[in-house]
A.B. asks: 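Please see the structure below; I have some questions.
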Amino acid sequence: AVQLVESGGGSVQAGGSLRLSCAVFGYTSRRGCVGWFRQAPGKQREGLARIPIGFDDGVPYYVDSVKDRFTISQDNAENTVYLQMNDLKPEDSAMYYCAATAHDFCPAFWTGNWNTWGQGTQVTVSS
């Protein structure tokens, strides 16, 4: 079974940066997708970025609210997907999750498309 373990969250001041890591264990599919989501208290979980796995020409995708500040990347040797977050804002404060899909492509961010979730890592941005 696939397991995901996030790390790298913490507390920063506005304008600061954090890099989140998602260690992927047991991903046996040759192709798939890993995404990053977040959920703030009282709000729905929202997708932020996703990256194809196993594609030579895979292109990451970002939602508008983060595409100029966040970068998703993968290290195949380490089986890890990263989310570099720059210019953080207080509204970025949330629990951040990575997720993997059983599809062999990157699906929409509807949470039903994503089969496996990590435990989450908290990000808090103070003004």
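Just so it is clear, the values below take in all heavy atoms, side chains as well, and ignore hydrogens, waters and symmetry mates. Residue numbers run from 1 in the order of the sequence given.
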A.B. asks: Any salt bridge between Asp92 and Lys89, counting N to O under 4.0 Å?
C.D. replies: no
A.B. asks: Say whether Tyr82 and Leu18 are linked into one hydrophobic cluster, either directly or through other cluster members, by side-chain heavy-atom distances under 4.5 angstrom.
C.D. replies: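 Tyr82 and Leu18: separate clusters.
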A.B. asks: Side chains of Thr121 and Ser7: does their closest heavy-atom pair fall under 4.5 Å?
C.D. replies: no
A.B. asks: Would Leu20 end up clustered with Leu88 when hydrophobic side chains under 4.5 Å apart are linked, directly or stepwise?
C.D. replies: yes
A.B. asks: Report yes if some heavy atom in the side chain of Ser17 is under 4.5 Å from a heavy atom in the side chain of Gln84; otherwise report no.
C.D. replies: yes
A.B. asks: Do you know which two heavy atoms are closest between Ala40 and Ala94, and how far apart they sit?
C.D. replies: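 It is N-CB, 3.8 Å.
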A.B. asks: Measure across Ser21 and Trp36 and return the closest heavy-atom pair with its distance rounded to 0.1 Å.
C.D. replies: O-CH2, 3.6 Å
A.B. asks: Crowded around Gln3 CD? As in, over 12 foreign heavy atoms under 6.0 Å?
C.D. replies: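 Check fails, neighbour count at 12 or below.
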A.B. asks: Can you see whether Phe37 has Arg45 sitting over its ring - NZ or CZ less than 6.0 Å from the centre and within 45° of the normal?
C.D. replies: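 Not flagged: Arg45 not positioned over aromatic ring of Phe37.
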A.B. asks: Is a side-chain donor-acceptor pair under 3.5 Å present for Tyr61 with Arg50?
C.D. replies: no
A.B. asks: Heavy atoms, side chains only, cut-off 4.5 Å: are Phe109 and Leu48 in contact?
C.D. replies: no
A.B. asks: Is the closest side-chain heavy-atom distance between Phe70 and Leu83 below 4.5 Å?
C.D. replies: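 With C-beta onward as the side chain, the pair touches.
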A.B. asks: Identify whether Met95 and Val63 are in the same connected component of the hydrophobic contact network (ILVMFWY, side-chain heavy atoms under 4.5 Å).
C.D. replies: yes
